[in-house]
Amino acid sequence: MSRLPSPEESGSRRERLLERMAHRLTRPQSQIEAEELRERTSAMGGTPICDVCDREMAQVCGTVRSVSLRPRADHVPALVVDLDDGSRSMRLVWLGRRKIAGIAPGTYLKATGRVAMKGGVPTIFNPSYELKAR
């Protein structure tokens with residue numbers, strides 16, 4: 001049988017709720033969206049992109065922000081995806097691919113591979129991946 005909260009408990013709950021609402025109303029929209037994205041991607045598992053290390057294996061989750069096709073020096077195409085988890089962006093590069101079905105902006109994705117820092121941007125070449133439901 002559950003007990004009713006005491007007046008002190010109810011008051012502190014209301015105060016916490018008001019604090020969260022005030023905090024939410026005073027932050028920029030981009031910060032709110034980043035926090036919501038961090039919450040959603042942390043539920044999918046994986047390492048936050050801000051915590052990945054160069055030359056280490058990592059499993060990251062996030063939403064696809066952009067997809068582009070870049071020609072390489074040897075005329076080999078490369079599909080480049082910018083993945084964002086709310087903490088930082090990461091570049092995923094599939095060499096020799098022009099398109100991957102299901103990968104488009106707004107898609108949630110879990111990727112696994114070895115991280116390489118390219119120009120200060122964490123990058124995984126030819127990652128294994130799993131599409132996630134929204």
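Bear in mind the structure is a predicted one, so any value in this text is a computation, not a measurement. What's counted below: heavy atoms across the whole structure, side chains too, no hydrogens, waters or symmetry copies.
Between the CG atom in Leu109 and the CG atom in Asp84 there is a gap of 12.5 Å [rounded to 0.5 Å]. Taking CG of Asp51 as the start and CG of Asp85 as the end, the distance is 9.0 Å to the nearest 0.5 Å.
Salt bridge annotation for Glu15-Arg13: absent, with no cationic side-chain nitrogen under 4.0 angstrom from a carboxylate oxygen.
Ile100 and Phe125 sit in two unconnected hydrophobic clusters of ILVMFWY residues. Membership requires side-chain heavy atoms under 4.5 Å apart, directly or through other members. In the hydrophobic clustering of this structure, Tyr108 does not group with Ile124; members are Ile, Leu, Val, Met, Phe, Trp, Tyr whose side-chain heavy atoms approach within less than 4.5 Å, directly or through other members.
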Which donor-acceptor pairs under 3.5 Å do the side chains of residues 53-63 make with protein atoms, sequence neighbours left out?
from: Asp54; atom 1: OD1; to: Met117; atom 2: N; distance (Å): 3.0
from: Gln59; atom 1: NE2; to: Thr112; atom 2: OG1; distance (Å): 3.4

Side chains of residues 88-97: which donor-acceptor partners sit under 3.5 Å, not counting sequence neighbours?
from: Arg88; atom 1: NH2; to: Gly120; atom 2: O; distance (Å): 2.6
from: Trp94; atom 1: NE1; to: Pro127; atom 2: O; distance (Å): 3.2

Working for side-chain contact (heavy atoms from CB on, under 4.5 Å), residues Val80 and Leu69:
CA-CA 6 Å; Val80 180; Leu69 179 64; over 6 Å; no

Is there a side-chain contact (heavy atoms from CB on, under 4.5 Å) between Leu79 and Val67? Walk through the geometry before answering.
CA-CA 7 Å; Leu79 182 67; Val67 179; 3.6 Å; yes

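Considering only heavy atoms from C-beta on, Pro122 comes within 4.5 Å of Ile49 through its side chain. In this structure the side chain of Pro48 reaches within 4.5 angstrom of the side chain of Ser87, judged on heavy atoms.
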